[in-house]
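Please read these numbers as outputs of a predicted model, since none were measured by experiment. The first residue of the sequence shown is numbered 1, and numbering continues consecutively from there.
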Amino acid sequence: MGMYELINGDGSGIADPNKNLLVVEGDDGFPQKGDIESGKKVIRSSPVAAGGRDAASARKGQRLVSLDVFRGITVALMILVDDAGAFVSAINHSPWDGVTLADFVMPFFLFIVGVALGLAYKRVSDSVAATKNAVLRALKLAILGLILQGGYFHGIHNLTYGVDIMSIRWMGVLQRIAIAYLSVAICEIWFRSDDDVDSGYSLLWRYRFQLLVGLILTTIYMAFLYGLYVPDWEYEIPEAASSPKIFSVKCGVRGDTGPACNAVGMIDHKILGIQHLYKRPVYERTKQCSINSPDNGPLPPDAPSWCQAPFDPEGLLSSIMAVVTCLIGLQFGHVIVHFEDHKDRIFQWMIPSFFLLALAFSLDYFGLHMNKALYSLSYTCVTAGAAGILFAGIYVLVDVYGFRRPTCAMEWMGMHALMIYILIACNVLPVLIQGFYWGEPQNNLLKVLGI
């Protein structure tokens with residue numbers, strides 16, 4: 001999905017992000033002094049001169065393979081939860097508080113974007129040109145997301161297309177990734193010093209301004225979430241044969257993190273407009289809104305008025321913490337740039353990962369619950385910590401010990417993540433297939449396959 005492929009310099013002020021060095025194995029089994037951000041397979045005997053390799057092989061080697069594999073695993077996880085989540089509620093998105101397998105997909109992608117940016121912009125000779133490039137890439141991604149998730153395509157079993165601008169969905173998965181990508185790219189281009197790095201502390205000091213940005217964003221998010229006053233509000237549901245039904249929701253509170261009266265939804269109502277939000281909110285599977293909770297089902301007789309209200313899981317305020325997730329991934333990318341020894345890299349990854357997990361569970365214990373819809377602070381920490389540990393594990397298996405063959409499918413998926421997302425996750429492939437039918441539109445290959 002999105003800008004997950006390693007972004008190479010293209011002559012616009014961004015230097016080549018991948019410098020290939022030979023990998024020499026040490027006595028402890030870990031290759032020493034090797035820069036494996038190129039994704040080069042580990043050499044288990046004396047290295048030979050690589051001058052005879054052709055340009056294509058060199059380009060293929062200029063990738064951090066573990067990042068491709070991690071991206072591919074996340075794509076596979078996305079497909080799994082999208083297709084099986086409706087039948088297995090345990091892996092479907094949590095109806096509100098708490099996390100499930102599906103809730104790790106979006107943060108994993110954001111984390112991967114951050115890692116890739118740390119490599120792509122490790123040397124920037126022209127900051128203005130690099131910024132222009134980042135803006136253009138983010139705009140392309142946001143426009144693509146608007147077309148795919150704004151309502152232009154009407155889904156499987158519907159051959160019509162087009163969207164009413166008055167009800168188009170402005171936010172979405174690719175739009176959120178575009179926001180995070182652009183924000184973190186600007187941080188990496190402009191907010192870093194030239195201090196030398198020889199330890200974990202000096203690494204933090206070199207990128208102290210980026211860490212300060214993350215702290216400021218988190219403070220702003222927490223201040224808005226718990227400090228903004230949420231007034232009463234109302235929404236309407238169109239009725240085919242009569243005037244729309246109007247529902248009123250009573251709030252008048254501050255700091256509420258329930259589905260009805262949180263500041264995340266209120267900001268989206270005021271800025272984006274409630275008619276431009278996602279029409280199938282995750283909280284419609286809560287006990288208050290579904291007799292089959294945690295699955296979808298009919299409304300209970302005493303269902304509250306907010307159960308059918310639109311709510312965007314990729315809203316404006318929650319996207320602030322998505323940027324923080326991407327910033328965390330960026331710091332993991334810096335470890336690859338500044339540390340050559342594999343043990344040092346793994347150590348520098350594992351310490352913050354375990355710290356984030358401990359912080360997440362502590363926050364959840366004291367009432368700041370993990371919540372994907374709100375992108376809460378504890379949710380940010382638990383998903384970033386899990387991403388860090390998983391990435392470190394994949395790095396050891398793939399880039400350190402060279403286990404490429406078992407992960408080749410995931411590597412391929414990771415290298416073609418955006419294409420897979422568009423064709424599969426956004427249902428573009430099924431929509432294209434069903435456009436070919438015999439006799440009647442309902443007679444198509446999808447019907448034969450039982451889709």
Side-chain angles (χ1 to χ4, degrees), residues 3 6-7 9 12-17 19 37 67 107 110-138 176-225 316-340 344-345 347-353 355-356 359 375 377 380-381 383-385 387-388 391:
M3 303 302 296
L6 196 58
I7 305 163
S12 58
I14 306 172
D16 183 356
K19 180 182 178 182
E37 69 184 69
L67 195 63
L110 292 167
F111 179 91
I112 291 166
V113 171
V115 175
L117 285 172
L119 305 179
Y121 292 109
K122 70 178 182 181
R123 289 186 300 273
V124 179
S125 58
D126 187 339
S127 298
V128 174
T131 303
K132 289 180 180 178
N133 253 341
V135 170
L136 287 175
R137 287 183 176 121
R176 168 169 282 182
I177 293 172
I179 292 170
Y181 165 77
L182 179 59
S183 303
V184 174
I186 290 174
C187 283
E188 181 66 356
I189 294 168
W190 295 98
F191 300 150
R192 60 180 179 182
S193 67
D194 294 325
D195 300 282
D196 293 332
V197 174
D198 55 11
S199 65
Y201 175 78
S202 60
L203 180 69
L204 295 177
W205 183 251
R206 178 183 174 98
Y207 296 102
R208 59 192 180 276
F209 299 115
Q210 296 178 4
L211 299 177
L212 180 61
V213 168
L215 179 61
I216 291 173
L217 290 177
T218 302
T219 303
I220 292 172
Y221 169 83
M222 296 294 284
F224 281 3
L225 181 65
L316 295 174
L317 182 58
S318 56
S319 291
I320 291 179
M321 295 307 290
V323 175
V324 174
T325 296
C326 199
L327 274 171
I328 295 172
L330 178 67
Q331 307 315 310
F332 277 66
H334 292 157
V335 170
I336 299 175
V337 173
H338 295 288
F339 293 90
E340 292 185 347
D344 289 341
R345 289 177 174 179
F347 178 79
Q348 297 297 333
W349 286 335
M350 297 304 284
I351 294 301
S353 295
F355 172 78
L356 287 168
L359 179 60
Y375 217 114
L377 177 57
T380 303
C381 292
T383 52
F391 176 54

Mind checking what makes side chain to side chain contact (heavy atoms under 4.5 Å, CB included) contact with Leu204, not counting sequence neighbours?
Leu211
For residues Tyr221 and Ser318, report the shortest heavy-atom separation together with the two atoms involved.
CE1-CA, 4.4 Å
Between the side chain of Arg192 and the main-chain N/O of Glu188, is any donor-acceptor distance below 3.5 Å?
yes
Nearest 0.5 Å, please: how far is CG in Leu217 from CE in Met321?
8.5 Å
For a quick test of reading the model, state the closest non-hydrogen atom pair linking Cys326 to Val113 and the distance between them.
SG-CG1, 3.7 Å
Test side-chain contact (heavy atoms from CB on, under 4.5 Å) on Val337 and Val197 and set out the steps.
CA-CA 10 Å; Val337 173; Val197 174; over 6 Å; no
In this structure, CZ of Phe391 is separated from CH2 of Trp349 (nearest 0.5 Å) by 4.0 Å
Considering non-hydrogen atoms only, spot the tightest contact between Phe332 and Ser353 and give its length.
CZ-OG, 3.4 Å
Kindly determine whether Tyr375 and Val324 satisfy side-chain contact (heavy atoms from CB on, under 4.5 Å), including the steps that lead there.
CA-CA 10 Å; Tyr375 217 114; Val324 174; over 6 Å; no
CG-CG distance between Leu225 and Leu377, expressed to the nearest 0.5 angstrom:
10.0 Å
Which residues share a salt bridge (charged side-chain N to carboxylate O under 4.0 Å, His left out) with Asp195, sequence neighbours left out
Arg208
Quick check: closest heavy atoms across Tyr121 and Ala185, and the distance to 0.1 Å?
CE1-CB, 4.1 Å
Name all residues meeting the ring pair (Phe, Tyr, Trp, His ring centres under 6.0 Å) criterion together with Tyr207; count only those two or more places apart in sequence or in a different chain, and write none if there are none.
His334, His338
Using a 4.5 Å cut-off on heavy atoms from C-beta on, say whether the side chain of Val135 contacts that of Lys132.
no
Heavy-atom pair with the smallest gap, counting every atom of Ala180 and Val323:
CA-CG2, 3.9 Å
Rounded distance [0.5 Å steps], CG in Leu327 versus CZ in Phe111:
12.0 Å
Between the OG1 atom in Thr219 and the CZ atom in Phe224, the distance rounded to the nearest 0.5 Å is 11.5 Å
Shortest non-hydrogen contact from Arg345 to Ile336?
NH2-O, 2.9 Å
Can a side-chain donor-acceptor contact be found between Ser193 and Trp205 if the only test is distance below 3.5 angstrom?
no
Between CG of Leu330 and CD of Gln210, what distance do you get to the nearest 0.5 Å?
5.0 Å
